[in-house]
Amino acid sequence: MPDETTAKPTLGFVGLGTMGAPFAARLIHAGFRVQVYDFDNDAVRYFLMETGGEVAASPRLMAEACDMVLAMLPRAADVRSATVGREGVVHGFGAGKMLVDMSPSPPAQTKEIAKELRRVGIAIVDAPLLSGLAELRSGGLTLLVGGDDDAVVRAGPVLETFASRLIRTGPVGSAHAAKALCGELAALCFLASVETLMVGRRAGLAPGPLLEALNASAGGNFATQTTIGRHVLSRGFGSGLPLDGLLADLQQALDLARDTETPAPLSAVAREVWATARLALGPGQDHTRLVRWLEQITKTELPDRQ
């Protein structure tokens with residue numbers, strides 16, 4: 001039998017939505033004892049039928065029974081409720097326990113929650129995804145990780161269950177900040193690349209050769225090298241990166257810019273463009289569908305129809 005130094009920690013997992021459920025399942029399949037909770041009771045019932053695990057009645061009760069609780073929730077308000085709310089983990093954890101926030105949380109909120117948890121001796125690590133479910137399935141997932149050194153070391157073996165790469169970003173909150181800034185740049189690059197191709201299309205340039213030219217120039221980027229050819233020109237529009245997520249990253253990046261008194265005019269304009277596209281397209285869209293909105297405005301389809 002393993003001794004206390006080698007035994008796996010008992011884990012709690014809060015958030016069984018589209019993103020969270022595969023991560024909770026991965027922990028169970030890796031041999032961890034896992035309690036699960038979600039604000040949506042139907043999500044819990046479905047997960048238990050499909051995967052198994054143990055159900056917790058609340059984050060507080062989960063924290064009483066677990067060594068470490070991981071959260072992957074889509075909304076900042078839900079993260080706050082699950083951590084420091086009336087039935088949050090802060091009221092169930094004992095000193096020395098740990099919270100890992102894998103949600104796309106605002107950096108400022110992460111720091112505020114960390115202060116409340118530290119008052120009662122609870123460590124926190126922020127570990128948002130830099131890639132998505134496709135990378136989880138393929139084994140190429142990257143996580144950004146922020147927190148005190150000892151907390152990051154303790155969380156490492158659990159996080160390595162998901163990720164092939166952990167990028168250490170600094171103190172708690174820094175991983176959520178880095179995630180927002182990565183999303184900000186991705187949104188800017190995709191928007192600028194598609195706008196360039198649309199101008200070229202209306203000027204009579206076929207998108208394929210122009211895309212090849214862009215990739216041979218200093219303007220090449222992930223959008224031109226991968227996303228546009230694979231998901232836009234193919235008309236699949238299925239990159240797996242949600243428009244809502246990029247819009248949230250843009251807003252969080254702008255909040256960082258405001259808090260640090262850093263001018264960010266390009267991001268401010270891009271945020272309005274993405275927000276307008278989201279309003280026109282509706283929630284829950286893949287980010288590549290921004291192209292469909294631009295095509296409607298310009299009355300021009302990007303690919304050739306020959």
Side-chain angles (χ1 to χ4, degrees), residues 15 17-22 40 43 72-79 103-106 128-136 179-203 205-208 210-211 214 221-255 257 264-305:
T18 302
M19 290 298 294
D40 182 350
M72 188 177 287
L73 293 159
R75 292 175 293 273
D78 288 341
V79 174
S103 316
S105 300
L129 319 182
L130 198 57
S131 40
L133 291 180
E135 288 76 17
L136 174 67
K179 167 64 169 63
L181 293 171
C182 289
E184 171 195 35
L185 186 57
L188 287 167
C189 287
F190 184 79
L191 178 60
S193 299
V194 169
E195 181 179 282
T196 299
L197 288 171
M198 190 64 71
V199 172
R201 182 72 183 90
R202 288 176 61 82
L205 295 171
L210 180 54
L211 197 62
L214 291 173
N221 58 76
F222 186 80
T224 62
Q225 293 164 0
T226 301
T227 306
I228 292 173
R230 187 175 298 172
H231 302 292
V232 174
L233 299 187
S234 69
R235 312 309 278 175
F237 301 110
S239 74
L241 180 61
L243 191 156
D244 290 347
L246 275 188
L247 183 56
D249 285 342
L250 271 168
Q251 185 59 62
Q252 290 181 21
L254 284 169
D255 291 341
L266 292 179
S267 296
V269 172
R271 188 268 171 199
E272 296 308 307
V273 173
W274 282 97
T276 304
R278 195 264 187 192
L279 186 64
L281 295 168
Q285 301 291 329
D286 192 271
H287 83 286
T288 55
R289 286 197 173 271
L290 173 85
V291 174
R292 297 295 293 134
W293 173 67
L294 289 172
E295 289 175 340
Q296 292 167 12
I297 292 173
T298 61
K299 296 181 172 58
T300 304
E301 285 198 359
L302 189 58
D304 290 312
R305 292 295 185 184

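Just so it is clear, the model here is predicted, and its values are computed rather than measured.
- Residues satisfying the side-chain contact (heavy atoms from CB on, under 4.5 Å) test with Pro242, not counting sequence neighbours, are none.
- The side-chain heavy atoms of Thr298 and Arg201, taken from C-beta on, include no pair separated by under 4.5 Å.
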Task: Full working for side-chain contact (heavy atoms from CB on, under 4.5 Å) between Met72 and Leu129 - done: CA-CA 10 Å; Met72 188 177 287; Leu129 319 182; 4.0 Å; yes
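- Rounded to the nearest 0.5 Å, atoms CZ (Phe237) and CG (Leu243) are 12.5 Å apart.
- With values rounded to the nearest 0.5 angstrom, Gln225 atom CD is found 9.5 Å from Ser193 atom OG.
- Annotation: side chain of Val194 is not in contact with side chain of Val232 (no heavy-atom distance under 4.5 Å).
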In a table with atom names and distances, give each donor-acceptor pair under 3.5 Å that connects a side chain of residues 277-289 to protein atoms at least two apart or in another chain.
residue	atom	partner	partner atom	Å
Arg278	NE	Asp244	OD1	3.0
Gln285	NE2	Leu281	O	3.4
Asp286	OD1	Ser239	N	3.4
Asp286	OD1	Ser239	OG	2.9
Asp286	OD1	Thr288	N	3.0
Asp286	OD1	Thr288	OG1	2.6
Asp286	OD2	Ser239	N	3.0
Asp286	OD2	Ser239	OG	3.1
Asp286	OD2	Gly240	N	2.7
His287	ND1	Ser239	OG	3.1
His287	ND1	Leu241	O	3.1

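- Residues Leu197 and Leu214 meet the side-chain proximity criterion, which asks for heavy atoms closer than 4.5 Å.
- Between Trp293 and Val273 the shortest side-chain heavy-atom distance falls below 4.5 Å.
- Rounding to the nearest 0.5 Å places OG of Ser234 at 11.5 Å from CD1 of Ile228.
- When the salt bridge (Lys or Arg N to Asp or Glu O under 4.0 Å) test is applied to Arg230, no partner is found at least two apart in sequence or on another chain.
- Partners of Glu184 by side-chain hydrogen bond (donor to acceptor under 3.5 Å, both in side chains), not counting sequence neighbours, listed by chain and number: Ser267.
- The line from CG of Asp249 to CH2 of Trp274 is 11.0 Å long, rounded to the nearest 0.5 Å.
- Partners of Ala186 under the side-chain contact (heavy atoms from CB on, under 4.5 Å) rule, at least two apart in sequence or in another chain, are Leu246.
- You'll find the side chain of Asp255 stays beyond 4.5 Å of the side chain of Pro106, heavy atoms only.
- Minimum interatomic distance between Lys179 and Pro128 (heavy atoms only, all atoms of both residues): CB-CG, 3.8 Å.
- In terms of modelled atom types and a separation under 3.5 Å, the side chain of Gln252 and the main chain of Pro104 share a donor-acceptor contact.
- Taking all atoms of both residues into account, the shortest heavy-atom contact from Thr18 to Pro22 is O-CD, 3.3 Å.
- Remark: Asn221 CG to Leu185 CG distance equals 8.5 Å, nearest 0.5 Å.
- Qualifying salt bridge (Lys or Arg N to Asp or Glu O under 4.0 Å) partners for Glu272, counting only residues two or more places apart in sequence or in other chains: none.
- Every residue two or more places apart in sequence or in another chain that forms a side-chain hydrogen bond (donor to acceptor under 3.5 Å, both in side chains) with Glu295 is listed here: Arg235, Arg292.
- Heavy atoms only, all atoms of each residue included: Ser105 and Val79 are closest at OG-CG2, 3.7 Å.
- Residues passing the side-chain contact (heavy atoms from CB on, under 4.5 Å) test with Ala134, sequence neighbours excluded: none.
- In this view, Thr300 and Arg202 satisfy the side-chain hydrogen bond (donor to acceptor under 3.5 Å, both in side chains) rule, not counting sequence neighbours.
- For the side-chain contact (heavy atoms from CB on, under 4.5 Å) test, residues two or more places apart in sequence or in another chain that qualify with Ala21 are Phe47.
- By the 4.5 Å heavy-atom criterion applied to side chains, Leu233 and Leu211 are counted as neighbours.
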